[in-house]
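Comments concern the structure below.
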Amino acid sequence: MTLIVTRRGLIQTGMIGAGSLLLPGCDKIAQNPAVLDTLGQSEKLHRLTQRALGRNALAREYRESEMSPVFRANGSREVVDPAYRAQLAQGFANWALRIDGLVEQPLAIPLHALRTMPQRAQITRHDCVEGWSAIGRWQGPRLSMLLDIAGLKPAARYLVFHCADRYLGKPYYESIDLVDAFHPQTILAWAMNGKPLEEAHGAPLRLRVERQLGYKHAKFVSRIEAVASLAGLYGGKGGYWEDAEAYAWYAGI
Ligand SMILES: Nc1nc2c(c(=O)[nH]1)N[C@H]1C(S)=C(S)[C@@H](COP(=O)(O)O)O[C@H]1N2
Ligand SMILES: [Mo]
């Protein structure tokens, strides 16, 4: 059964949790050895090295005056799916983010609820592997807050972000581990540079996972699935570019 989170219900949940839900959950997850499983050795070393510098070390944040005058869009700039186009035409008024898989309470969270719950805003630099960067301001609820509401089951190890678009004919998706999921700067952004996300940048909702390269920042996120393993999903390597064997799963910067 999916819980439909109303504006009132969600605000209530946010208030109850506000003082307690964020940091304790973080520490617990950070000590969980299960987040250190899988992957090839060099990638693992990279991950462990970055993590040794501090699991919750923040990506650099910038001043408003440092924001890029132009933030280019990359990968899919539009979505062909007719259901998506219908939602876009209605301003996503009836759209909801689904959170399911290994959670105690599957959720369907309307966009208006995501916009009114406690927010984080951050001005960060986006680095694409293709060799360009741009500084922009992103705003939305922390992923950790949504995960605390849904309640991860103990077997959950990764979050998979299912996207509405296809890139070069294949569905786009991405995944992150629980350290990145609970990182303070990991948010689901519905606003960019002070305005609702444009289609080209992933409307109505995209992941910002600030210590990772650009391709990890899934756009057009429609569903977040908590899983124990990435095997068996799409190509099994945890992401569109990972399945294409173009880029590594762990893209820490
Ligand atoms: N759903 C989806 N997410 C995606 C992509 C995509 O093609 N589809 N491209 C990725 C890449 S390679 C980059 S650099 C960023 C680009 O984000 P932007 O369009 O806001 O600049 O989105 C990432 N997320
Ligand atoms: Mo990219």
Side-chain angles (χ1 to χ4, degrees), residues 14 18 21-23 25-27 29-30 46-77 97 111 114-147 159 161 163 172 174-221 224 239 241 247-253:
L21 54 71
L22 303 177
L23 295 172
C26 239
D27 288 349
I29 300 275
H46 176 200
R47 182 155 66 139
L48 292 175
T49 308
Q50 193 192 48
R51 295 282 161 77
L53 298 172
R55 292 163 186 281
N56 281 327
L58 297 182
R60 177 165 170 204
E61 294 194 17
Y62 294 79
R63 289 188 299 272
E64 241 159 81
S65 59
E66 296 171 292
M67 283 167 58
S68 302
V70 176
F71 198 119
R72 67 179 262 192
N74 202 37
S76 297
R77 292 173 177 81
L97 169 71
L111 188 57
L114 293 166
R115 287 175 170 174
T116 48
M117 65 201 297
Q119 306 282 300
R120 180 180 166 93
Q122 57 209 23
I123 300 175
T124 53
R125 195 183 69 198
H126 178 101
D127 295 312
C128 173
V129 270
E130 291 168 23
W132 59 273
S133 301
I135 297 174
R137 182 182 191 274
W138 304 96
Q139 183 188 319
R142 284 183 56 186
L143 175 58
S144 68
M145 182 164 56
L146 305 182
L147 296 178
L159 279 307
F161 298 83
C163 304
Y172 201 94
E174 257 303 337
S175 63
I176 60 175
D177 67 16
L178 299 186
V179 170
D180 271 323
F182 284 85
H183 186 275
Q185 288 168 317
T186 299
I187 65 172
L188 290 166
W190 59 269
M192 175 189 183
N193 295 349
K195 289 177 297 193
L197 268 188
E198 287 168 17
E199 181 178 3
H201 292 290
L205 200 69
R206 64 108 42 96
L207 175 66
R208 292 300 308 172
V209 50
E210 302 292 355
R211 299 205 312 162
Q212 299 276 337
L213 287 169
Y215 61 89
K216 301 296 288 187
H217 299 237
K219 306 196 282 190
F220 320 107
V221 174
I224 301 175
W241 291 109
Y247 308 134
W249 179 82
Y250 191 76
I253 43 178

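Start at 1 with the first residue, then count along the sequence. In what follows, every heavy atom counts, from backbone to side chain, and hydrogens, waters and symmetry copies are set aside.
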Which is it for Gln212 and Ile176 under the side-chain contact (heavy atoms from CB on, under 4.5 Å) test, yes or no, and what are the steps along the way? CA-CA 10 Å; Gln212 299 276 337; Ile176 60 175; 5.5 Å; no

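Checking side-chain atoms of His183 against main-chain N and O of Val209 turns up no donor-acceptor pair under 3.5 Å. Checked by atom type and distance alone, the side chain of Thr186 pairs as donor or acceptor with a backbone atom of Asp180 at under 3.5 Å.
Using a 4.5 Å heavy-atom cutoff, the side chains of Asn74 and Glu130 are in contact. Using a 4.5 Å heavy-atom cutoff, the side chains of Tyr172 and Trp241 are in contact. Residues Leu213 and Tyr247 form no side-chain contact, since every pair of their non-hydrogen atoms from C-beta on lies 4.5 Å or further apart. In this structure the side chain of Phe182 never reaches within 4.5 angstrom of the side chain of Leu159, judged on heavy atoms. Residues Ile123 and Glu64 form a side-chain contact, since some pair of their non-hydrogen atoms from C-beta on lies under 4.5 Å apart. Between Met67 and Arg137, some side-chain heavy-atom pair lies under the 4.5 Å cut-off. Counting only heavy atoms from C-beta outward, the side chains of Leu114 and Leu146 approach each other to under 4.5 Å.
Residues Ala203 and Phe220 come closest through the heavy atom pair O-CD2, 3.4 Å. Nearest heavy-atom pair across Val179 and Arg55 is CG2-NH1, 3.4 Å. Scanning both residues, Ala200 and Lys219, for their nearest heavy atoms gives O-NZ, 2.8 Å. The minimum heavy-atom distance linking Ala189 with Leu197 is given by the pair O-CD1, 3.5 Å. Residue His201 comes nearest to Arg72 through the heavy atom pair CE1-O, 3.5 Å, listed as atom of the first residue, atom of the second, then distance. For the residue pair Ala251 and His46, the shortest heavy atom distance occurs at C-CE1, 4.5 Å.
Applying the ring pair (Phe, Tyr, Trp, His ring centres under 6.0 Å) criterion to His126, with sequence neighbours excluded, gives Phe71, Trp132, His217. Residues satisfying the salt bridge (charged side-chain N to carboxylate O under 4.0 Å, His left out) test with Arg120, not counting sequence neighbours, are Glu61. Contacts of Gln119 classified as side-chain contact (heavy atoms from CB on, under 4.5 Å), with partners at least two apart in sequence or in another chain: Met117, Gln139, Pro141, Trp190.
Under a 4.0 Å N-O distance rule, the pair Arg47/Asp177 qualifies as a salt bridge.
Interatomic distance, Ile135 CD1 to Thr124 OG1, rounded to the nearest 0.5 Å: 8.5 Å. Separating the CZ atom in Phe161 from the CG atom in Leu188 is a distance of 6.5 Å, to the nearest 0.5 Å. We find the CG-CD1 distance between Leu97 and Ile224 to be 4.5 Å, quoted to the nearest 0.5 Å.
Within 6.0 Å of CD on Glu66 lie more than 12 heavy atoms contributed by other residues, nucleotides or ligands.
Here the options are Gln122, Gln185, Arg125, the test is side chain to side chain donor-acceptor pair (under 3.5 Å), and the partner is Glu210; only Gln122 passes.
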